[in-house]
2 protein chains.
Amino acid sequence: MTTVEKDKKIPQYRQLYEILRKHILEGIYKEGDLLPSENELCIIHSMTRPTVRHALSDLVNDGFIKKQKGKGSIVHQLPKGIGILSVAGTTSALSGQNLETRILVKPNVKQWADPFMFNLSEAEKDSGCIYMERLRLVSRKPLFYDITYIPNINLPRFTSRSFVNKSLFDTLRRFYQIEVKGGEQKLRTISANKKIGKYLEVPAGQPILHLERKIDTNRVGFCFYSSLYCNTEDHALFGIF
Amino acid sequence: MTTVEKDKKIPQYRQLYEILRKHILEGIYKEGDLLPSENELCIIHSMTRPTVRHALSDLVNDGFIKKQKGKGSIVHQLPKGIGILSVAGTTSALSGQNLETRILVKPNVKQWADPFMFNLSEAEKDSGCIYMERLRLVSRKPLFYDITYIPNINLPRFTSRSFVNKSLFDTLRRFYQIEVKGGEQKLRTISANKKIGKYLEVPAGQPILHLERKIDTNRVGFCFYSSLYCNTEDHALFGIF
DNA sequence: TATATAAACTTGTATTTACAAGTATTTTAT
DNA sequence: ATAAAATACTTGTAAATACAAGTTTATATA
């Protein structure tokens with residue numbers, strides 16, 4: 001009963017979502033394939049149709065499948081992602097193996113920048129922020145330069161954790177039970193300055209994509225923030241809407 | 001009973017979605033406000049909770065509200081949008097009045113470019129495409145340069161319609177009963193070349209955001225495509241995830 | 001008065017049932 | 001053999017119900 005106990009708090013629709021998502025990413029269901037019908041999924045996983053439909057609805061929103069009335073759920077293979085971002089490789093497919101994370105500035109407590117890219121609550125301002133800079137590389141080439149700002153609220157031992165080749169999201173989820181729910185982002189293009197050019201290994205003046213993102217979590221009032229510079233020369237960012 | 005007949009085919013959850021969306025955009029519910037509770041909405045609109053929750057779920061996905069367990073649905077005012085895109089003004093708020101659409105190349109039937117930015121089906125290739133170029137201006141300043149590709153399948157009189165200051169989406173919906181369901185997009189940054197610089201009124205070499213988008217509709221197998229160049233100097237693109 | 005407790009209210013999850021509408025298949029009639 | 005009609009299967013919409021869990025408000029207690 002341990003497995004049941006472990007999954008006790010995870011909703012059924014979420015469990016099914018994770019299973020199907022995993023199967024799609026593993027290639028068990030390939031692009032264009034039909035998923036089992038909703039009624040079949042009900043029987044297979046001992047759920048009712050609304051529960052199955054909740055899982056499928058989330059898969060649609062995350063771009064893994066599209067649904068067609070009268071036909072079924074069609075797999076819509078997406079490029080692999082980095083965190084929330086999906087990256088479409090123009091040359092080679094992106095896999096976990098040629099992906100590397102390098103820490104430029106280790107997590108340390110700071111004051112918030114003023115003005116900040118998003119409006120901060122008083123509680124956030126008062127508590128200060130944990131600051132870190134990371135570089136994401138794909139096939140040895142730097143792709144993202146990411147500055148992360150996390151409110152310093154009830155995150156014991158956070159600054160001493162290692163983030164090399166580990167997802168920040170995973171760390172937050174594993175050690176602090178913080179789940180990413182969604183967020184908002186602003187997109188701009190800028191010309192690489194000296195500093196960004198150095199990190200992303202591009203000449204100054206090259207057009208760079210700048211994302212400012214606010215990331216919401218399941219902890220009420222707890223968001224974190226990211227300023228992300230991306231070189232889209234070889235890899236386009238990919239999104240669905 | 002005409003109004004009832006007119007809305008006969010529109011699902012109840014969609015009707016509620018449209019009402020609440022309108023009220024939020026009109027400012028009846030302002031940022032941070034709580035919407036009526038789900039049970040109140042049930043009584044007000046004579047629906048059951050699953051129907052109300054369907055509407056609210058769509059509003060969450062489209063970024064109009066966020067929900068908090070035990071509290072309610074909180075309005076999350078977004079910048080006004082252009083088509084699917086949301087634009088965040090850095091200087092002044094964006095309103096419908098200072099928005100202008102200019103036709104650069106009137107709709108005309110063409111062959112598809114080869115290679116095309118997305119994979120095309122045989123049916124799409126055979127039928128050719130309707131091509132048009134438009135410029136979107138905000139406060140007299142060009143913001144988007146948009147090249148649109150629409151498969152020439154069963155769209156009588158399309159090339160003779162006017163699109164000045166009219167949404168392409170509205171035209172497709174009104175005259176052809178085609179509704180936009182969603183889509184996918186690739187984001188890149190480029191340096192403005194001479195042509196794009198001329199249209200967007202920026203010096204050549206300026207960083208420009210390039211979006212390649214495939215837009216799905218309710219007509220099975222019918223998508224259209226857009227290659228969009230955006231000057232993000234004054235207005236950032238805005239998105240939720 | 002201040003604090004702890006209880007109640008009321010809110011959204012989240014889940015089941016069961018029913019029918020509508022689009023798609024695919026099978027059967028039937030020509 | 002072909003075409004039309006019927007059938008089965010699929011997703012879409014919707015109601016009624018129940019309980020869990022988080023938030024707010026009201027109440028009782030110290």
Side-chain angles (χ1 to χ4, degrees), chain A residues 4 7-18 20 29 32-61 64-76 177-179 181-182 216-222, chain B residues 4 7-18 20 29 32-61 64-76 177-179 181-182 216-222:
Chain A
V4 176
D7 294 347
K8 211 170 205 172
K9 290 290 174 62
I10 299 174
Q12 294 184 57
Y13 74 88
R14 190 70 198 173
Q15 293 181 38
L16 178 55
Y17 169 92
E18 296 291 351
L20 293 174
Y29 300 116
D33 283 358
L34 283 175
L35 252 48
S37 78
E38 296 179 352
N39 285 324
E40 285 171 340
L41 289 172
C42 290
I43 295 167
I44 295 169
H45 298 94
S46 309
M47 301 170 177
T48 56
R49 234 185 109 210
T51 307
V52 168
R53 283 177 64 79
H54 193 163
L56 293 178
S57 168
D58 286 354
L59 287 169
V60 170
N61 282 332
F64 288 100
I65 61 171
K66 51 184 174 181
K67 305 190 77 178
Q68 191 184 323
K69 191 173 178 178
K71 194 162 188 191
S73 302
I74 302 157
V75 175
H76 188 273
Q177 288 79 47
I178 292 174
E179 296 252 16
K181 287 276 181 175
D216 293 324
T217 71
N218 58 345
R219 203 186 271 191
V220 176
F222 186 85
Chain B
V4 177
D7 294 347
K8 209 171 207 172
K9 290 293 175 57
I10 298 174
Q12 294 183 59
Y13 73 87
R14 190 68 199 175
Q15 293 181 39
L16 178 55
Y17 169 94
E18 296 291 350
L20 293 173
Y29 300 116
D33 283 358
L34 283 175
L35 252 47
S37 78
E38 295 179 352
N39 284 325
E40 284 171 340
L41 288 173
C42 291
I43 296 166
I44 295 168
H45 298 94
S46 310
M47 300 171 178
T48 56
R49 235 183 108 210
T51 307
V52 167
R53 284 178 62 78
H54 193 162
L56 294 177
S57 168
D58 286 354
L59 286 169
V60 169
N61 283 331
F64 289 100
I65 61 170
K66 51 184 175 181
K67 305 189 77 179
Q68 191 185 323
K69 192 173 178 178
K71 194 162 188 193
S73 302
I74 302 156
V75 175
H76 188 272
Q177 289 79 48
I178 292 174
E179 296 253 17
K181 288 278 182 174
D216 294 324
T217 71
N218 58 343
R219 204 186 271 190
V220 175
F222 185 86

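In this text the structure is predicted, and so the values were computed from the model without any measurement. Each chain gets a letter, A, B and so on, in the order the sequences are listed, and its residues count up from 1.
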* Structure fact -> Separation of C:dT11 atom C1' from B:Leu59 atom CG, nearest Å, is 15 Å

* To do: Kindly point out which of C:dT10, D:dT11, C:dG12 is positioned nearest to the side chain of B:Glu38?
  => C:dG12

* Asked: Reckon B:Ser37 touches a base, only the sugar-phosphate, or nothing at all at heavy-atom distances under 4.0 Å?
  -> sugar-phosphate

* Within-4.5 Å side-chain heavy-atom neighbours: A:Phe64 and A:Tyr17 -> yes

* Starting at atom CD of B:Gln12, determine the distance to atom C1' of D:dG12, rounded to an integer number of angstrom. => 13 Å

* Asked: Counting just side-chain N and O atoms, does B:Tyr13 come under 4.0 Å of either OP1 or OP2 of D:dT13?
  -> yes

* Under a 4.5 Å cut-off applied to non-hydrogen side-chain atoms, are A:Lys67 and B:Lys181 in contact? -> no

* Asked: Hey, does B:Leu41 have a side-chain heavy atom less than 4.5 Å from the side chain of B:Leu56?
  -> yes

* **A:Arg14 CZ to C:dA14 C1', straight-line distance once rounded to whole Å** => 17 Å

* **Integer-rounded Å distance: D:dA15 P and B:Leu16 CG** => 11 Å

* Structure fact -> Result for 5'-nearest mapping on DNA chain C, choosing between B:Ser73 and A:Met47, is B:Ser73

* What's the closest nucleotide to the B:Asn39 side chain, out of C:dT16, C:dT11, D:dT13? -> C:dT11

* **A:Asn218 (side chain) donor-acceptor with A:Glu179 (main chain) under 3.5 angstrom** => yes

* B:Arg53 has an atom CZ; how far is it from atom C1' of D:dA16, in whole Å? -> 15 Å

* Asked: Closest to the B:His54 side chain: C:dT15, D:dT13, D:dA14?
  -> D:dT13

* To do: In whole angstrom, give the distance that lies between atom CD of B:Glu179 and atom P of D:dG12.
  => 15 Å

* Could you tell me whether a side-chain N or O of B:Ser73 sits under 3.5 Å from a main-chain N or O of B:Leu35, the two making a donor and an acceptor? => no

* Asked: Across the strands shown, which category fits B:Thr51 at heavy-atom distances under 4.0 angstrom: base, sugar-phosphate, nothing?
  -> sugar-phosphate

* Between atom CD1 in A:Ile43 and atom C1' in D:dC9, what is the gap in whole Å? -> 13 Å

* With B:Tyr13, which residues qualify under side chain to side chain donor-acceptor pair (under 3.5 Å), at least two apart? -> none

Which atom pairs link the protein and nucleotides 19-25 of chain D when you take only N or O atoms and keep those under 3.5 Å?
{"unit_1": "D:dG22", "atom_1": "N2", "unit_2": "B:Gly70", "atom_2": "O", "d": "3.3"}
{"unit_1": "D:dT23", "atom_1": "O4'", "unit_2": "B:Gly70", "atom_2": "O", "d": "3.4"}

* Asked: Is the backbone N or O of A:Val52 less than 3.5 Å from a side-chain atom of A:Glu38, with the two atoms forming a donor-acceptor pair by type?
  -> no

* Structure fact -> Atom CG of B:Leu41 and atom C1' of C:dT11 are separated, to the nearest Å, by 12 Å

